[in-house]
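Please read all numbers here as calculations on a predicted model, not as lab measurements. One is the number of the first residue; the rest follow in order along the sequence.
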Amino acid sequence: MSSLALLWHWAPLLLSGIAVTLWSWLLGSLLGLAIGFVVALLRRLPLRPLRWALRLYVEVIRGTPFLLQLFLLYSGGPFIGIRLSALAAGIICLGVHAGAYFAEIFRAGFESLPKGQIEAASSFGMTPLQILWRISLPTMLVAIFPSIVSMLISISKETVILSIITVPNLMYQIQSMTVETYSAFAGIIALAAFYWIFVESLARICALVERRLTFFMRAGAAS
């Protein structure tokens, strides 16, 4: 059987693997963004024990391999009463892992904000929430957007590792195909093509969004 015929025969399973890969990437990214933003906000509070705890989370996650974190959650979780399906464990682990990196990206964004701008908004009677929503977030989003995109791309590549805990993603389905057909070449090429197309598409979409963001920010500053 030729490589194309092999891929066509396995197309339903490969497509389901692609769907699981995209789903786990999307949910893991959203969870990571939410965790990162909350952690960055909480680290700005004048509560030293809380800041130390959050800094420890960031340092530990960034200092250990994603694969190890995945095994700890999925295989070690039951020892402390945490039983998760492979997909749930994979998504949560992706989110927690990405959250540490997003927290540093958001922290850098907050620190880059001009203090005079915040003080001026405060002097006009704006509440901290209004300042955050109307000034801080739009201003820093343009600055940190490239870093967020890089992290989103990095998360997409980490989804490959989820197959190790039997998440039925594209890598897992290709491994199954290889075991049954004893032909790895077509699967490897298909896997590489998928990730290349996905990363290129994501980068182009994000570049378009970044240009729109910059345009609106400049238009807002000029008005």
Side-chain angles (χ1 to χ4, degrees), residues 1-36 61-80 82-102 147-209:
M1 187 180 288
S2 69
S3 296
L4 281 178
L6 189 66
L7 291 175
W8 179 256
H9 180 74
W10 283 77
L13 275 180
L14 296 182
L15 288 174
S16 73
I18 289 174
V20 172
T21 299
L22 294 177
W23 185 240
S24 56
W25 168 79
L26 178 63
L27 293 186
S29 298
L30 291 176
L31 181 60
L33 281 166
I35 291 174
I61 293 295
R62 295 177 70 199
T64 53
F66 174 68
L67 180 60
L68 176 63
Q69 296 161 16
L70 188 62
F71 274 130
L72 276 176
L73 179 62
Y74 184 65
S75 303
F79 289 101
I80 55 172
I82 300 175
R83 297 181 184 278
L84 298 168
S85 67
L87 182 58
I91 291 171
I92 291 172
C93 200
L94 275 178
V96 172
H97 177 79
Y101 289 88
F102 280 129
S147 300
I148 289 178
V149 174
S150 295
M151 193 59 213
L152 291 176
I153 289 173
S154 177
I155 297 169
S156 72
K157 296 173 183 173
E158 300 285 14
T159 56
V160 173
I161 300 175
L162 302 188
S163 65
I164 292 176
I165 60 168
T166 68
V167 172
N169 59 6
L170 182 59
M171 182 68 188
Y172 180 86
Q173 302 298 3
I174 285 177
Q175 285 174 329
S176 302
M177 184 182 78
T178 302
V179 168
E180 286 206 20
T181 62
Y182 301 103
S183 175
F185 179 75
I188 291 172
I189 295 299
L191 186 67
F194 165 75
Y195 275 98
W196 179 73
I197 292 171
F198 177 66
V199 168
E200 281 295 312
S201 303
L202 180 63
R204 288 176 185 275
I205 292 170
C206 289
L208 180 63
V209 173

A.B. asks: Given F102 and L31, is the side-chain contact (heavy atoms from CB on, under 4.5 Å) satisfied, shown in steps?
C.D. replies: CA-CA 10 Å; F102 280 129; L31 181 60; over 6 Å; no
A.B. asks: What distance separates L7 CG from L13 CG, expressed to the nearest 0.5 Å?
C.D. replies: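 So the gap between those two atoms works out to 12.5 Å.
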A.B. asks: Return the CD1 to SG distance between I91 and C93, rounded to the nearest 0.5 Å.
C.D. replies: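 Atom-to-atom, I91:CD1 and C93:SG are 11.5 Å apart.
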A.B. asks: Taking the side chain as every heavy atom from C-beta outward, state whether I35 and V96 have any atom pair closer than 4.5 Å.
C.D. replies: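 Answer yes - side chains close enough.
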A.B. asks: Only counting residues at least two apart or in another chain, list the ones meeting side chain to side chain contact (heavy atoms under 4.5 Å, CB included) with A89.
C.D. replies: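 A89 satisfies side chain to side chain contact (heavy atoms under 4.5 Å, CB included) with L73, Y74, L84, I165 only.
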A.B. asks: Would L94 and W25 count as a side-chain contact (heavy atoms from CB on, under 4.5 Å) if you check the C-alpha gap in whole Å, the side-chain angles of each, and the deciding distance to 0.1 Å?
C.D. replies: CA-CA 8 Å; L94 275 178; W25 168 79; 5.7 Å; no
A.B. asks: Show me the pairs that pass salt bridge (Lys or Arg N to Asp or Glu O under 4.0 Å) and involve residues 62-80, at least two apart or across chains.
C.D. replies: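 As it turns out, the salt bridge (Lys or Arg N to Asp or Glu O under 4.0 Å) pairs with a partner in residues 62-80, which skip direct neighbours, are R62-E104.
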A.B. asks: Please list all pairs meeting side chain to side chain donor-acceptor pair (under 3.5 Å) that have one or both residues in residues 86-95, counting only residues at least two apart or in different chains.
C.D. replies: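 Side chain to side chain donor-acceptor pair (under 3.5 Å) check on residues 86-95 returns no pairs.
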A.B. asks: Mind checking side chain to side chain contact (heavy atoms under 4.5 Å, CB included) for L15 and listing every partner two or more places apart, or none if nothing turns up?
C.D. replies: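 Only I18 meet the side chain to side chain contact (heavy atoms under 4.5 Å, CB included) criterion with L15.
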A.B. asks: Show every side chain to side chain donor-acceptor pair (under 3.5 Å) that has at least one partner inside residues 148-166, sequence neighbours left out.
C.D. replies: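 Pairs touching residues 148-166 that pass the test: T159-Y195.
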A.B. asks: Under the rule for side chain to side chain donor-acceptor pair (under 3.5 Å), what residues qualify as partners of S176, not counting sequence neighbours?
C.D. replies: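 Side chain to side chain donor-acceptor pair (under 3.5 Å) check on S176 returns nothing, list empty.
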A.B. asks: For T178, enumerate each residue passing the side chain to side chain contact (heavy atoms under 4.5 Å, CB included) test, keeping only those at least two apart in sequence or located in another chain.
C.D. replies: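 Side chain to side chain contact (heavy atoms under 4.5 Å, CB included) check on T178 returns I174, A184.
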A.B. asks: Return each pair, listed once, that meets side chain to side chain donor-acceptor pair (under 3.5 Å) where at least one residue sits in residues 14-23; pairs must be two or more places apart or across chains.
C.D. replies: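 Non-adjacent pairs meeting side chain to side chain donor-acceptor pair (under 3.5 Å): zero.
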A.B. asks: Where do I155 and A98 come nearest, in terms of heavy atoms and distance?
C.D. replies: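 Smallest interatomic distance, heavy atoms only, reads CD1-CB, 3.4 Å.
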A.B. asks: Shortest non-hydrogen contact from V167 to A86?
C.D. replies: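 It is CG2-O, 3.2 Å.
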A.B. asks: Hey, what do you get for CD1 (I164) to CG (L70), rounding to the nearest 0.5 Å?
C.D. replies: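 The CD1 atom of I164 sits 7.5 Å away from the CG atom of L70.
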A.B. asks: With sequence neighbours left out, write down each residue that passes side chain to side chain donor-acceptor pair (under 3.5 Å) with Y172, or none if nothing qualifies.
C.D. replies: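 Y172: no side chain to side chain donor-acceptor pair (under 3.5 Å) contacts found.
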A.B. asks: If you look at every heavy atom in V149 and C206, which pair is closest and at what distance?
C.D. replies: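 Shortest heavy-atom contact: CG2-CB, 3.5 Å.
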A.B. asks: Run the side chain to side chain contact (heavy atoms under 4.5 Å, CB included) test against A203 and tell me which residues pass, sequence neighbours left out.
C.D. replies: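 Per chain and number, A203 pairs via side chain to side chain contact (heavy atoms under 4.5 Å, CB included) with I153.
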A.B. asks: How about W10 and T181: do any of their side-chain heavy atoms sit closer than 4.5 Å?
C.D. replies: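 When only atoms from C-beta onward are counted, T181 and W10 do touch, with a gap below 4.5 Å.
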A.B. asks: Show me the pairs that pass side chain to side chain donor-acceptor pair (under 3.5 Å) and involve residues 83-101, at least two apart or across chains.
C.D. replies: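 Sorted pair list: Q69-H97.
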A.B. asks: Sequence neighbours left out, what pairs pass salt bridge (Lys or Arg N to Asp or Glu O under 4.0 Å) with at least one residue falling in residues 171-190?
C.D. replies: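 The answer is none; no pair qualifies.
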A.B. asks: For L170 and F198: C-alpha separation, side-chain torsions, deciding distance, then whether side-chain contact (heavy atoms from CB on, under 4.5 Å) applies.
C.D. replies: CA-CA 13 Å; L170 182 59; F198 177 66; over 6 Å; no
A.B. asks: Please round to the nearest 0.5 Å and tell me the distance separating atom CZ of F185 and atom CG of L6.
C.D. replies: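 Rounded to the nearest 0.5 Å, the CZ-CG separation comes to 11.5 Å.
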A.B. asks: Quick one: CD1 on I92 to CG on L87, what's the gap to the nearest 0.5 Å?
C.D. replies: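 Spacing of CD1 (I92) from CG (L87) equals 9.5 Å.
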A.B. asks: Could you state the interatomic distance from CD1 (I188) to CE (M171), rounded to the nearest 0.5 Å?
C.D. replies: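 Those atoms lie 7.5 Å apart.
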